[in-house]
**Q** 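Below is the structure I would like to discuss, written out as C-alpha cells.
For the numbers below, each heavy atom of this structure counts, side chains included, while hydrogens, waters and symmetry mates do not. Chain A is the first sequence line, chain B the second, and so forth, proteins listed ahead of strands; every chain is numbered from 1.
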Amino acid sequence: GAVVSQHPSRVICKSGTSVKIECRSLDFQATTMFWYRQFPKQSLMLMATSNEGSKATYEQGVEKDKFLINHASLTLSTLTVTSAHPEDSSFYICSARKTSGGTRWTQYFGPGTRLLVL
Amino acid sequence: QKEVEQNSGPLSVPEGAIASLNCTYSDRGSQSFFWYRQYSGKSPELIMFIYSNGDKEDGRFTAQLNKASQYVSLLIRDSQPSDSATYLCAVNQAGTALIFGKGTTLSVSS
C-alpha cells in the first residue's frame with residue numbers, strides 16, 4: 001500500500017476567510033495528486049488534478065481562483081479555499097497517484113478534511 | 001462520456017454469506033480497474049485492483065474482470081457486519097484520473 005496524509009482533518013472558519021489544506025504522500029513520490037469534494041450522501045466529485053511543477057487542471061464548473069492548488073514538491077500538494085462561504089462546507093479529500101510499473105498506477109486517498117464555514 | 005455504472009443498493013446480505021457487487025464501464029480503452037471501500041464519514045480505501053481478464057483473489061475478496069463484456073465485480077466471502085460500507089468501482093486509461101461509479105451500499109446483518 002501507500003500512505004497519504006491530510007492536514008487539518010477538520011477546520012471551522014468564518015465566512016470570507018481562506019483555508020489551506022495540505023496533502024502529503026508519506027512513503028512515495030507523487031507527480032500527480034487529485035482533489036475531490038464530497039457532500040453528505042453524495043458521490044465523490046473530482047475538482048482538479050494537481051501536477052508537480054505545473055498548473056493544476058480544473059474540472060468544469062470548479063473556479064480556479066477560488067480553489068487555489070499548489071503542487072510544489074513530489075510529496076506535497078495544497079488546496080486553498082479562498083473567501084470561503086457556507087456553501088463551501090464539505091468533505092475535501094486528496095488522492096495521490098503511485099506508479100506501479102509502465103503506464104499503470106494506483107490512486108491512494110488521504111483521510112479527508114472536513115470544512116465547516118460559519 | 002466515459003461512465004462507470006453501479007447499482008446503488010442497498011445490497012443486504014446475512015453474516016457469513018457471499019456479497020456480490022457489480023460494475024459496468026463504457027470505455028473499452030480502460031486499462032485498470034479498482035475497488036474502493038468507503039465507510040460513512042471516511043475517505044475511500046483501496047481494496048483491490050485488477051488489470052487482466054479473470055479472477056484475482058485477496059483473502060475474502062475476489063475481483064473478477066471481463067473486458068469483452070466491460071464488466072468488473074467484487075465478491076466478498078464470509079461477509080461480516082464490518083464489511084457494511086459503500087463500495088466504489090473505478091476505472092482508468094493510462095494517464096487519466098480515475099472515473100468512479102456512484103457506489104453500492106452493502107449492509108451485512110448479524
**Q** Taking only heavy atoms into account, what residues of residues 31-38 of chain A are found under 4.5 Å from chain B?
**A**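 Answer by number: A/Phe34, A/Tyr36, A/Gln38.
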**Q** Could B/Arg37 and B/Tyr87 be counted as a cation-pi pair, given that NZ or CZ must be under 6.0 Å from the ring centre and within 45° of the axis?
**A**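 No, B/Arg37 does not sit over the ring of B/Tyr87.
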**Q** Report yes or no: does B/Ser69 contribute a side-chain atom to a donor-acceptor pair with the main-chain N or O of B/Asn66 at less than 3.5 Å?
**A**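 Absent.
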**Q** Quick one about A/Ser77 and A/Ser50 (side-chain donor to acceptor, distance below 3.5 Å, no hydrogens or angles considered), yes or no?
**A** yes
**Q** Among A/Thr106, A/Thr49, A/Leu46, who wins on heavy-atom pairs under 4.5 Å with chain B?
**A**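 Option with the greatest count: A/Thr106.
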**Q** Quick one: what part of B/Ile99 sits under 4.5 Å from any heavy atom of chain A, side chain, backbone, both or neither?
**A**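 Contact with chain A: none, neither part.
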**Q** Can you tell which part of B/Gln38 gets under 4.5 Å to a heavy atom of chain A, answering side chain, backbone, both or neither?
**A** side chain
**Q** Please evaluate residues B/Tyr25 and B/Tyr71 with respect to the criterion ring-ring contact (aromatic ring centres under 6.0 Å, His included), reporting the C-alpha separation (whole Å), side-chain torsions for both, the decisive distance (0.1 Å), and the verdict.
**A** CA-CA 7 Å; B/Tyr25 58 95; B/Tyr71 176 94; 9.2 Å; no
**Q** Is there a side chain to side chain contact (heavy atoms under 4.5 Å, CB included) between A/Val19 and A/Leu115? Walk through the geometry before answering.
**A** CA-CA 9 Å; A/Val19 174; A/Leu115 171 64; 4.0 Å; yes
**Q** May I ask you to test the B/Phe34-A/Gln107 pair for a side-chain heavy-atom distance under 4.5 Å?
**A** no
**Q** Between A/Arg24 and A/Glu22 (salt bridge meaning N to carboxylate O under 4.0 Å), is one present in this structure?
**A** yes
**Q** Which bit of B/Lys42 is near chain A, if near means a heavy-atom gap under 4.5 Å: side chain, backbone, both or neither?
**A**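 Only the backbone of B/Lys42 comes within 4.5 Å of chain A.
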